[in-house]
Amino acid sequence: MTPNEQSRQTKELCGLAPVIPVIVIKDAAKAEGLATALVSGGLPVLEITLRTPAALDAIRAMAKVAGGHVGAGTVLTADDAKRAQDAGATFAVSPGLTDTLITACSDIGLPLLPGAVTASEVMAAMDAGYDMLKFFPAEAAGGAPVLKSLAGPLPQVTFCPTGGVSTANARDYLSLPNVICVGGSWVAGDADVEAGNWSEIEAKAREAAGLARA
Ligand SMILES: O=C(O)C(=O)C[C@H](O)[C@H](O)COP(=O)(O)O
C-alpha cells in the first residue's frame, strides 16, 4: 500500500470524529468495556499505545467491538507494525517517521499516521507520500499557533495534533483549516479505566464528540 493510499485512509478515519482517544491500557480485561463506552459515546476511532504489556491483547479485544476502528499507537519499529496488525489493528500511529516504518507499513498494507513537527519533517513526510500527519507533541511544540503558521507554506498537509490536548484547548486546534481531528488521553483517564467507570468515560466521549470542527 503506497504512503499516498495510507494517508487517504488515515484521513478518512480522522474525519469520523473530532477526537481520537489515546489509550494507555494496563489491563486487557478492561479493553472491551472501554472500547464499547468510547464507541457508544461517539468516538469510533481508537489509538491503543503499544506502551504497556497489555496493549496487544487489548487491541485483540477492542477489534471485536462493533463500529470501532482500532489502531496501534507508539509504533516505532517494523516489528511493532506487524504485531499490531496481527492483533487486529487497522492503522498505526507513530510519534515520528522513519524509512524503516515507511517500508514496513507499505509492505504489510497498514495505513500509517506518522508524526512531524517542523517544516522540514513535514516536507520529508510529504516527499515520502504522506499528507495526513500527527502533530506531536502538540502543546510542547508550540501548539495551535505553530500549526496555523505551517498552513501558510504547507496548506496541502492536514494534521491530528496530539500531546497536551484537552477540552480546554481542543477547539483552538479544531478551528484551524489544516486540522481534521485531535488526539488525547483525557477521554479515557487511568482512574476511570481502572475503576471500570464506563458511564463516566462514555459521557466524556460524548462531550468530545460534540466539539465542533472548523
Ligand atoms: O504514545 C505515543 O505514540 C504518542 O505519540 C504519545 C501520545 O499520543 C501522547 O502521549 C498523548 O498525549 P496526552 O493526551 O497529552 O496524554
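Atoms within each ligand, like the ligands themselves, are counted from 1 in listed order. Worth saying up front: this structure is predicted, and the values here are computed from it rather than measured.
Between atom OG1 of residue Thr162 and atom OH of residue Tyr173 there is a gap of 9.0 Å, rounded to the nearest 0.5 Å.
Listed by first then second residue, pairs satisfying salt bridge (charged side-chain N to carboxylate O under 4.0 Å, His left out) with a partner in residues 21-43 read Lys26-Asp190, Lys26-Glu194, Asp27-Lys30, not counting sequence neighbours. A side chain to side chain donor-acceptor pair (under 3.5 Å) check over residues 61-84, counting only residues at least two apart or in different chains, returns the pairs Thr77-Asp80, Asp79-Arg83, Asp80-Arg83, Lys82-Asp86.
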Find all protein N or O atoms under 3.5 angstrom from an N or O atom of ligand 1 and list the pairs with distances, or write 'none'.
unit_1: ligand 1; atom_1: 1 (O); unit_2: Arg51; atom_2: NE; d: 2.9
unit_1: ligand 1; atom_1: 1 (O); unit_2: Arg51; atom_2: NH2; d: 2.9
unit_1: ligand 1; atom_1: 1 (O); unit_2: Thr74; atom_2: OG1; d: 2.7
unit_1: ligand 1; atom_1: 3 (O); unit_2: Thr74; atom_2: N; d: 2.9
unit_1: ligand 1; atom_1: 3 (O); unit_2: Thr74; atom_2: OG1; d: 3.0
unit_1: ligand 1; atom_1: 5 (O); unit_2: Lys134; atom_2: NZ; d: 2.9
unit_1: ligand 1; atom_1: 8 (O); unit_2: Lys134; atom_2: NZ; d: 2.9
unit_1: ligand 1; atom_1: 10 (O); unit_2: Arg51; atom_2: NH2; d: 2.9
unit_1: ligand 1; atom_1: 14 (O); unit_2: Ser185; atom_2: N; d: 2.9
unit_1: ligand 1; atom_1: 14 (O); unit_2: Ser185; atom_2: OG; d: 3.2
unit_1: ligand 1; atom_1: 15 (O); unit_2: Gly164; atom_2: N; d: 2.7
unit_1: ligand 1; atom_1: 16 (O); unit_2: Ser185; atom_2: OG; d: 2.5

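Heavy-atom neighbours of Asp127 CG from other residues, nucleotides or ligands within 6.0 Å: above the threshold of 12.
Using a 4.5 Å cut-off between side-chain heavy atoms of Ile, Leu, Val, Met, Phe, Trp and Tyr, Ile108 falls into a hydrophobic cluster with Leu110.
Between Glu5 and Arg8, at least one side-chain nitrogen of the basic residue sits less than 4.0 Å from a carboxylate oxygen of the acidic one, meeting the salt-bridge criterion.
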